[in-house]
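Remarks on the structure that follows.
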Amino acid sequence: MEEALILDIQRMSTEDGPGLRTTVFFKGCNLNCGWCHNPESISKKPEVNWYSAKCIGCNICLSVCGQGGIYKNEGLKFKRHLCLSCGKCEKECPNAAIEMKGKKYDTAKLLKELVKDRAYFGRDGGVTLSGGEVMMQPAAAAELVKGLKAEGVGTAVDTAGCYDFKILEEILPYTDIILYDIKIFDNDLHKKFTGVENKRILENYIKLKEKNARVWVRTPIIENATDGAENIQKIGEFLAAAGLPEKWELCAFNNLCRDKYERLDREWEYKNAERTKKEHIEALTEIAKKYVPSAIYSGMLKEK
Ligand code: SF4
Ligand code: SF4
């Protein structure tokens with residue numbers, strides 16, 4: 001039996017694979033994309049979130065934290081490097097203004113919970129394991145997809161693919177569809193914007209296609225990072241040569257997650273960035289379609 005560090009479980013999702021799905025967000029990521037929409041998923045340990053609107057200023061959290069992890073400076077601030085993720089501040093806060101993001105789940109119990117959602121999955125839906133990076137917790141991920149398959153539940157894994165292919169290979173027989181991120185084709189730019197090189201990511205895509213895996217590719221469209229015509233063209237050329245995905249989705253940017261950065265007390269360089277313009281993503285999708293006819297775009301757009 002494995003333990004998994006889980007950030008969240010979202011039901012009735014329509015954005016994480018085919019049909020209606022339950023999405024399980026694993027905590028911990030080996031990339032560090034500046035535009036990340038789930039910043040609380042990056043750290044590999046449970047993290048304190050502070051909801052300023054609920055805080056009544058009683059200072060109880062400061063007194064229960066024996067680590068000096070919390071201090072006041074125009075509201076609460078956290079010294080996260082000192083935090084042991086003990087959860088005392090969450091437990092003692094009288095107004096639920098503190099929440100620990102990231103809870104440990106026994107995979108057998110989690111499996112039982114997920115199977116209960118079967119009623120709304122229908123023919124195409126199922127469970128998607130997402131993140132963070134699911135495959136940073138490979139044993140837990142494998143146990144979940146095996147268990148779900150044994151129960152006849154559809155499975156999808158959403159991954160950035162930056163690890164040894166053996167880890168992915170292990171789950172392939174139990175995974176109906178891989179949602180695979182290819183963000184930037186140029187290796188130097190990939191490293192600049194995500195913190196890692198993309199050689200393994202591209203190699204692992206080729207291996208997935210050699211194994212005849214069912215794959216949807218996703219590319220976030222981020223201004224001045226991934227949204228150049230050349231980037232889309234290069235990714236398109238790569239996909240055409242390596243083997244077409246069933247679908248290639250260009251995902252528009254929005255900054256609706258900026259509150260998440262505030263709750264983590266983190267500055268976000270994209271907090272005032274605008275939504276992707278409709279005409280721009282349409283033009284990029286036309287380029288993508290030259291290589292992958294099934295290319296589409298998704299997300300909330302700026303009309304003009
Ligand atoms: S989780 Fe524990 S160590 Fe971290 S800030 Fe709260 S009380 Fe302090
Ligand atoms: S214990 Fe809760 S309500 Fe009191 S100061 Fe801390 S966060 Fe605010």
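First listed ligand is number 1; within each ligand, the first listed atom is number 1.
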Are the side chain of T219 and the backbone N or O of I182 linked by a donor-acceptor pair below 3.5 Å? yes
Report yes or no: does a heavy atom of W50 sit under 4.0 Å from some atom of ligand 2? yes
Considering only the protein, which heavy-atom contact is closest to atom 3 (S) of ligand 2, and what is its distance? I56 N, 3.4 Å
Under 4.0 Å from any heavy atom of A97, which atoms of ligand 2 are there? 2 (Fe), 7 (S)
Note the single closest protein heavy atom to atom 5 (S) of ligand 2, along with its residue, its atom name and the distance in Å. N59 N, 3.2 Å
Give the residue and atom name of whichever protein heavy atom lies nearest to atom 8 (Fe) of ligand 2, and the separation in Å to one decimal. C55 SG, 2.3 Å
Which distance, rounded to the nearest 0.5 Å, do you find between the CD of E197 and the CG of L202? 11.0 Å
Electrostatic pair K146-E2, nearest N-O below 4.0 angstrom: no
For atom 4 (Fe) of ligand 1, closest protein heavy-atom neighbour: C83 SG, 2.4 Å
Closer than 4.0 Å to some heavy atom of Q67 - which atoms of ligand 1 meet that? 3 (S)
Report yes or no: does D16 contribute a side-chain atom to a donor-acceptor pair with the main-chain N or O of D158 at less than 3.5 Å? no
Would you say atom 2 (Fe) of ligand 1 has C65 as a near neighbour, meaning an N/O/S atom of that residue under 2.8 Å away? no
Decide side chain to side chain donor-acceptor pair (under 3.5 Å) for K260 and N38; before the verdict, give the C-alpha distance in whole Å, the side-chain angles of both, and the deciding distance to 0.1 Å. CA-CA 8 Å; K260 293 184 180 181; N38 287 321; 2.8 Å; yes
For ligand 2, is P94 a contact, meaning one of its heavy atoms is under 4.0 Å away? yes
Less than 4.0 angstrom from a charged side-chain N to a carboxylate O is my criterion; do R263 and E40 meet it? no
Part of I98 with heavy atoms under 4.0 Å of ligand 2, whether side chain, backbone, both or neither: side chain
Is it the case that over 12 heavy atoms from other parts of the model lie below 6.0 angstrom from the NZ atom of K277? no
Atom 1 (S) of ligand 1 sits nearest the protein heavy atom G87 N, 3.3 Å
Top protein contact for atom 6 (Fe) of ligand 2, by heavy-atom distance: C61 SG, 2.3 Å
Counting only heavy atoms not in K192, do more than 12 fall under 6.0 Å of its NZ? no
Which atoms of ligand 1 have any heavy atom of I70 under 4.0 Å away? 5 (S)
Please list, in number order, the atoms of ligand 1 under 4.0 Å from a heavy atom of L84. 3 (S), 4 (Fe)
Note the single closest protein heavy atom to atom 2 (Fe) of ligand 2, along with its residue, its atom name and the distance in Å. C93 SG, 2.3 Å
If the plane angle is over 60° it's perpendicular, under 30° parallel, otherwise tilted; pick one for F238 and Y205. tilted
Please determine whether the number of non-hydrogen atoms from other residues, nucleotides or ligands lying under 6.0 Å from atom NZ of K234 exceeds 12. no
Give the numbers and elements of all ligand 2 atoms closer than 4.0 Å to a heavy atom of L76. 6 (Fe), 7 (S)
